[in-house]
Amino acid sequence: MLPKIMLRRTLSALLSFSGIHAILEHLWLSDRAFVLMYHRIKSSVDQPPYHVQSGMFVTAATFEKQLAYLRKTFEIILLDDLVAKARKGESLGRYCALTFDDGWRDNYSEAFPLLKKYAVPATIFLSTGFVGTQRTFWPEEVISWLTGGDIDSLADGQASSSVARFAAELGGLNYADSAMFCEGAIELLKQKSLQDREDILTHLRGVSSGSSSTRQMLSWEEAQEMVHSGLVRFGAHTVNHELLDQLPLQRARDEISLSRDEIESRLEQKVSAFAYPNGNHNARVRQILDADGFDVAVTTRKGFFEQGVPFLEVPRIGLHEDVSCTIPMLRSRILLHAF
């Protein structure tokens with residue numbers, strides 16, 4: 001276990017044992033709710049045949065512990081219902097909502113059985129262009145290439161200037177730690193202009209071995225089963241998981257409206273909630289959502305949900321294995337910004 005994770009674990013245990021967590025919960029959550037953000041649920045910490053970013057998953061065992069604790073300690077309701085309470089001016093104290101981003105297949109295979117076991121509702125935000133396909137998001141594509149490709153050959157004589165610059169930037173990253181190197185490469189790409197990033201990704205796809213043969217995303221049939229359980233509601237997350245604040249206006253509109261239209265058509269369920277891919281949004285993007293009649297949009301900014309929080313800028317608390325593998329760590333993550 002990494003020293004930083006061990007320190008968080010030790011401090012969290014002390015905060016719980018001393019009663020400080022209980023005091024903070026009473027002080028800070030008596031009139032506030034919180035929205036949790038998950039991505040993936042893995043059966044174990046062992047890596048599958050494809051890469052999973054460390055900040056993107058909790059294990060099924062951890063998720064089950066969290067559900068048991070949350071169900072016993074708080075009132076878990078759907079995000080739509082939480083927003084409805086806020087609009088009516090009702091108390092939000094000790095309520096929480098669970099959300100999942102992207103629409104990974106393990107939301108069905110690993111998370112859904114546990115949601116049913118504990119009768120806990122959740123909202124899943126779908127990027128509809130990936131549903132039922134073998135497509136993966138570009139960070140997974142990039143990591144696949146970085147871990148299996150010839151990085152030294154990236155900036156060959158035929159590479160564009162944007163690819164050459166990216167290759168040079170990769171040279172400044174720490175190669176010794178594979179996970180840190182991959183995360184650094186992803187952050188570099190997120191900071192690129194839309195045109196440069198698409199140019200680099202097109203180049204990488206041209207020299208890669210293709211997409212995974214294993215479907216990693218939900219199918220529409222699996223989503224329909226989850227809807228019919230009455231526990232799961234789906235929200236929109238664009239078609240292609242684009243960073244909306246970097247897109248031309250009409251393209252941003254299409255990414256938002258087409259994703260909602262397909263979910264409503266496929267699942268026969270009204271879609272009133274949206275999640276910004278990577279948390280990227282600005283006033284222009286929020287105006288699109290407002291004009292389209294969305295009731296709520298969630299960000300990746302950490303914070304509580306309380307009266308006065310703009311409904312199109314709802315904060316969430318992101319969970320992954322490294323910061324929430326014990327219940328004291330989960331409590332610290334919810335209550336303390338530093339965690």
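This one's a predicted model, so the numbers in the text were calculated from it and none came from an experiment.
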Are any of the side-chain nitrogens in [X] or [Y] under 4.0 Å away from the carboxylate oxygens of its partner?
X      : Y      : result
Glu75  : Arg94  : no
Arg266 : Glu222 : no
Lys117 : Glu64  : yes
Asp80  : Arg233 : yes
Glu169 : Lys192 : yes

Q: May I ask whether Ile124 and Phe63 are part of the same hydrophobic cluster, defined by side-chain heavy atoms of I, L, V, M, F, W, Y residues being less than 4.5 angstrom apart, directly or through others?
A: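 Linked, Ile124 and Phe63 end up in one cluster.
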
Q) Is Leu29 reachable from Ile317 through a run of I, L, V, M, F, W or Y residues, each pair having side-chain heavy atoms under 4.5 Å apart? A)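 In one cluster: yes.
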
Q.
Applying side-chain contact (heavy atoms from CB on, under 4.5 Å) to Leu194 and Leu247, what does each step give before you reach the verdict?
A. CA-CA 7 Å; Leu194 177 63; Leu247 296 183; 3.7 Å; yes

Scan side-chain atoms only and decide if [X] and [Y] contain a donor-acceptor pair under the 3.5 Å cut-off.
X      : Y      : answer
Glu321 : Thr62  : yes
Ser332 : His21  : yes
Asn280 : Asp245 : yes
Asp199 : Ser162 : yes
Gln66  : Ser324 : yes
Arg197 : Gln191 : no

Q | Test side chain to side chain contact (heavy atoms under 4.5 Å, CB included) applied to Arg316 and Thr99, Leu36, Thr299, the passing residue | A | Thr99

May I ask you to test the [X]-[Y] pair for a side-chain heavy-atom distance under 4.5 Å?
X      : Y      : answer
Arg331 : Leu15  : no
Leu27  : Ile23  : yes
Trp220 : Leu126 : yes

Q.
side-chain hydrogen bond (donor to acceptor under 3.5 Å, both in side chains) for Ser193 and Gln246? Distances and angles first, verdict last.
A. CA-CA 7 Å; Ser193 70; Gln246 299 179 8; over 6 Å; no

Q) Is the Phe34-Tyr95 ring centre distance short of 6.0 angstrom? A) no

Within 45° of the ring axis of [Y] and under 6.0 Å from its six-membered ring centre, is that where the NZ or CZ of [X] lies?
X      : Y      : answer
Arg135 : Phe130 : yes
Arg260 : Phe294 : yes
Lys116 : Phe112 : yes
Arg87  : Phe311 : yes

Closest approach of [X] and [Y], non-hydrogen atoms and distance?
X      : Y      : value
His39  : Met56  : CB-O, 3.2 Å
Thr300 : Met37  : CG2-SD, 3.9 Å
Ala223 : Phe234 : O-CE1, 3.5 Å

Q. Which of these, Trp104, Phe137, Trp138, sits in a ring pair (Phe, Tyr, Trp, His ring centres under 6.0 Å) with His241?
A. Phe137

Q: Test Phe274 against His237 for side-chain contact (heavy atoms from CB on, under 4.5 Å), laying out the working first.
A: CA-CA 6 Å; Phe274 186 85; His237 197 41; 5.7 Å; no

